[in-house]
Amino acid sequence: MSVSAEQARKYILWGKKGCSYCERVKGVLAANDQAYAIVDVEGRDDLRDILELKYGTRLVPVVEVQNRESGDGVYEAYVHTELDRFEALFAESAQVEA
């Protein structure tokens with residue numbers, strides 16, 4: 001049984017409880033049967049500092065997606081203003097598989 005490239009990706013959601021946009025990301029991942037790790041930034045300025053250094057934002061959600069080609073721990077990030085681009089990843093995959 002082969003694993004599709006989309007299933008082979010790893011996802012990390014930086015978020016917090018009560019964030020409607022974080023719930024939106026979780027819904028997209030669940031609808032596409034994707035497992036993910038969560039980094040809860042609630043009350044964690046140190047984690048928000050990391051987000052700011054890496055991606056220039058302290059706001060969540062930020063979704064890190066493992067690069068499909070490299071598979072070696074290189075991630076691309078989708079910040080809170082790019083959720084449409086993140087959702088498009090799955091629409092593109094559905095078209096390729098069809």
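Residue indices begin at 1 and follow the sequence shown.
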Show the nearest heavy-atom pair for residues [X] and [Y], with the distance to one decimal.
| X | Y | value |
| --- | --- | --- |
| Val28 | Asn32 | O-ND2, 2.8 Å |
| Cys22 | Lys16 | SG-N, 3.8 Å |
| Arg48 | Leu59 | NH1-CA, 4.2 Å |

Handout entry: side-chain hydrogen bond (donor to acceptor under 3.5 Å, both in side chains) against Asp49, all qualifying residues, sequence neighbours excluded
Key =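 Once residues adjacent in sequence are excluded, the partners of Asp49 under the side-chain hydrogen bond (donor to acceptor under 3.5 Å, both in side chains) criterion are Arg58.
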Problem - Test side-chain hydrogen bond (donor to acceptor under 3.5 Å, both in side chains) applied to Asp84 - qualifying residues, sequence neighbours left out - result: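 By the side-chain hydrogen bond (donor to acceptor under 3.5 Å, both in side chains) rule, Asp84 matches Arg24.
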Problem - Apart from Ile50 itself, residues in the same hydrophobic cluster as defined by side-chain heavy atoms under 4.5 Å - result: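 The other cluster members (ILVMFWY side chains, heavy atoms under 4.5 Å, direct or chained) are Ile12, Trp14, Val39, Val41, Leu47, Leu51, Tyr55, Val60, Val62, Tyr75, Val79.
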Exercise for the section: In sequence, state the C-alpha distance, the side-chain angles, and the governing distance for Val25 and Tyr36, and then conclude on side-chain contact (heavy atoms from CB on, under 4.5 Å). Expected result: CA-CA 10 Å; Val25 170; Tyr36 57 94; over 6 Å; no
Practice task
Quick one: pull up CZ in Phe90 and CG in Asp33 and give me the separation to the nearest 0.5 Å.
Solution key: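 Going from CZ on Phe90 over to CG on Asp33, the span is 10.0 Å.
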Practice task
To the nearest 0.5 Å, tell me how far Arg85 CZ sits from Glu76 CD.
Solution key: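 Reported value, rounded in 0.5 Å steps: 5.0 Å.
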Practice task
Would you indicate whether the side-chain heavy atoms of Gln34 and Tyr11 approach each other to under 4.5 Å?
Solution key: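 Tyr11 vs Gln34: side chains touch.
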